[in-house]
Protein chains: 2
Amino acid sequence: MRAVKKSSANRSTVSNRGSRPPTKTALPDRARTRAPRASRLEKEALIVAEAEQQFARFGFEGVSLDTIAAELGMSRQNILYYYSSKEELYTAVLDSVLANWLGNMDTLARENDPRTAIEKYVHAKLRFSQERPSGSAVFTREIMAGAPRYGEQLAQNVVPMLRADVRTFERWARMGLIARVDFTHLMFVIWSSTQAYADLGTQFAMYLDKRALSDADFEAARALLTELVWTSLRK
Amino acid sequence: MRAVKKSSANRSTVSNRGSRPPTKTALPDRARTRAPRASRLEKEALIVAEAEQQFARFGFEGVSLDTIAAELGMSRQNILYYYSSKEELYTAVLDSVLANWLGNMDTLARENDPRTAIEKYVHAKLRFSQERPSGSAVFTREIMAGAPRYGEQLAQNVVPMLRADVRTFERWARMGLIARVDFTHLMFVIWSSTQAYADLGTQFAMYLDKRALSDADFEAARALLTELVWTSLRK
DNA sequence: GTCTATAAGCGGATAGAC
DNA sequence: GTCTATCCGCTTATAGAC
């Protein structure tokens, strides 16, 4: 197999700042009551947020510390003061997304009623896609690349969740609450389609002749997907 | 917005039908009089095939001409002899995938019976994901990046196909052949989930504790997705 | 904490020999 | 067609001044 090459790419192609996030507002009055510790965390959060946006669109190799720094009005050396390497910043982004994710995504087993469980699950997953599309996209890119930098964490955190959800479906089927279909592939469909509303959101919007997906679009997606899944499971 | 460079459509690498490198046709009696033209096309096909693999995993910026050349046992300068820039090679890859795609994907309207149409459509889309996963992934990455280099072609070739399919659904609904749901989002679900079996195939396989998805896995996906869609449309 | 300077290497692309 | 040589910009990262 080929070795994963080192990162270093000509950035001339990434000059497009078309749909960039709104220019980050500089730190609001950093007047005198500046707790040193809070300040650091605050700045790290800004860096991670900007890095998330860029990694989402261009992937690890497609982003340079310079472009991240430029967008934040700081120097690349300054970023390296907070994160000692590009890869460390990258994993910090993924850590941040994963934490937010695990904190907000309940498993199916939280609910006893299958219908309610599915409704809530699809809703939560789509909400994540809507509220943090970049976070979703960074994960998708990492997975598409073969998870070279975050495979361990994925295997330990995400896969077990999926397995638990499949087991929950199977339990419900044994209890006669739902019809028996291939629950693993059902999860694949639910995951990939909800994820797509984050990763391919701009493309979906373009198809719909709008600049970005609206609440109504996400509501339509939620309604349809819930309907699709539940109709096939209803006994 | 970024200017989309012209793609070298004249340099058609479309002849590479299958997923992998070209089969040498070599008519025995013609062995002496080697046509230089065929030789060139053959080599271009090899380059495009390797580039497709790498762009699929690492994206445009994540790949260097050096790594592509190394895998083929040639020099990066030699690649530049066939494709005068990295971007030209990249668009040649997308041209090749798109041609293969348009040639094999029928629209829904090809069939008169909705059920049959959906079955064939899902089947064809999944088959493409199975047979040319890298091609799918290159497109997904391009779209996730905001289609900076192939947006024009996407808008002209893919979007119209999707719109036509949605109109077909609507016609069937007016004819009373299927129930009325949100057909646009239905297409989003069909596209994203079938696409995922290419883009996230290795991850799905990992979840299933195997090295790669098998025919049986694709068959299970086909059966489930067809069932999901059709059940929700059956009147 | 933030800066300047610099190391050390990879990137795409061109020119020209053979 | 393929190679060597070369240009030059960009990249990550370190060292050290302030």
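Proteins come first, then strands; the chains are lettered A, B, ... in the order of their sequence lines, and each starts at number 1. Worth knowing before you read on, the calculation uses all heavy atoms, side chains too, and leaves out hydrogens, waters and symmetry mates.
A salt bridge between B:Glu61 and A:Arg57 is absent, with no side-chain N of the basic residue lying under 4.0 Å from a carboxylate O of the acidic one.
A:Arg40 places its CZ atom 13 Å from the C1' atom of C:dT2, with the value rounded to the nearest Å. A straight line from CD1 of B:Ile79 to P of D:dG1 spans 16 Å, rounded to a whole angstrom. If you take CZ of B:Phe60 and C1' of C:dG12, they are 10 Å apart, rounded to a whole angstrom. Taking atom CD of residue B:Glu88 and atom C1' of nucleotide C:dG12, one finds them 14 Å apart after rounding to whole Å. Distance CG (A:Asn78) to C1' (D:dT14): 15 Å, rounded to an integer number of Å. For the pair A:Leu72 CG and C:dT2 C1', the computed distance is 15 Å after rounding to whole Å. Rounding to whole angstrom units, CD1 of residue B:Ile68 and P of C:dC10 are separated by 17 Å. Following rounding to the nearest Å, A:Glu61 (CD) and C:dG12 (C1') show an atom-to-atom distance of 17 Å.
The side chain of B:Ser75 approaches D:dC3 more closely than any other nucleotide in the set D:dT2, D:dC3, D:dT12.
As judged by a 4.0 angstrom heavy-atom cut-off over every strand, A:Tyr82 is placed among residues touching the sugar-phosphate backbone only.
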CA sep, side-chain torsions, deciding dist, call: B:Ile190, B:Asp165, side chain to side chain contact (heavy atoms under 4.5 Å, CB included): CA-CA 12 Å; B:Ile190 294 174; B:Asp165 290 334; over 6 Å; no
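Checked against ring-ring contact (aromatic ring centres under 6.0 Å, His included), A:Phe188 has the following partners two or more places apart in sequence or in another chain: A:His185, B:Phe204, B:Tyr207. For B:Thr194, the side chain to side chain donor-acceptor pair (under 3.5 Å) test picks out B:Lys125, with sequence neighbours left out. For A:Tyr90, the side chain to side chain donor-acceptor pair (under 3.5 Å) partners are A:Glu142, not counting sequence neighbours. Legend: residues meeting ring-ring contact (aromatic ring centres under 6.0 Å, His included) with B:Trp191, ordered by chain and number and at least two apart, are B:Trp101.
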Contact state string [nucleotides 13-18 of chain C, B base, S sugar-phosphate only, - no protein heavy atom under 4.0 Å]: BB----
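Among residues at least two apart or in separate chains, salt bridge (Lys or Arg N to Asp or Glu O under 4.0 Å) pairs with a member in residues 96-106 of chain A are A:Asp106-A:Arg110.
Taking 4.0 angstrom as the limit, A:Tyr81 places a side-chain polar atom (N or O) nearer than this to OP1 or OP2 of C:dG1.
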